[in-house]
Amino acid sequence: MLSYIVQQASNFEQEHGIQPNQLYLSEEHVRHLRNDFSDQYDLNAIRDFLQMELIINNEIVHPHVGWTRFSQKCAV
C-alpha cells in the first residue's frame, strides 16, 4: 500500500508541480497501510511520515491524493 501511495504522490507532483497534502483512504486501506509500518507507528506518526492529512471514508474505492491550501487536522 505504501508504494502505491508514494507512486500516487509522485504522479500528482509531476502533473501539478506541488506535493499533495491529503490522502483519501477507506478503513480497509488504512489497515493495509498500517501493515507497512512497524507497530510503533500510529496514524498520527504515519500522517507525519507521509506529510499528508488522512481523509478516511469507507466509500473511497481506491486510495488517492489531493491538495488543499487549508490546513486540516486528522480526527482519529
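Numbering starts at 1 and runs along the sequence shown. Source: prediction; values computed, not measured.
To the nearest 0.5 Å, the span separating CZ on R31 from CZ on R34 amounts to 10.5 Å. For the atom pair D36 CG and M1 CE, the distance stands at 7.5 Å (nearest 0.5 Å). To the nearest 0.5 Å, atoms CD (E53) and OH (Y24) are separated by 10.5 Å. Of the inter-residue distances, the one linking H62 atom NE2 with Q8 atom CD reads 10.0 Å to the nearest 0.5 angstrom.
Between Y41 and F49, the ring planes are perpendicular. Angles over 60° get that label, and only those under 30° would be called parallel.
Each of F12 and V61 belongs to its own hydrophobic cluster when Ile, Leu, Val, Met, Phe, Trp and Tyr are linked at side-chain heavy-atom distances under 4.5 angstrom. V65 and W67 fall within the same hydrophobic cluster, defined by Ile, Leu, Val, Met, Phe, Trp and Tyr side-chain heavy atoms under 4.5 Å apart, directly or through other members.
A donor-acceptor contact shorter than 3.5 Å links the side chain of N58 to the backbone of E27. Proximity of a side-chain donor or acceptor of H16 to a complementary backbone N or O of N11 within less than 3.5 Å is not detected. Checking side-chain atoms of N21 against main-chain N and O of T68 turns up a donor-acceptor pair under 3.5 Å.
The number of heavy atoms from other shown groups lying within 6.0 Å of CD (E13) is above 12.
I46 and L33 make their closest contact through CG2-CD2, 3.8 Å (heavy atoms, listed as atom of the first residue, atom of the second, distance). Closest of all the heavy-atom pairs between M52 and I5 is CE-CG2, 4.1 Å. Nearest heavy atoms, I60 versus S26: O-CB, 3.6 Å.
Applying the side chain to side chain contact (heavy atoms under 4.5 Å, CB included) test between V30 and each of L23, N35, L54, I56 identifies I56 as the sole match.
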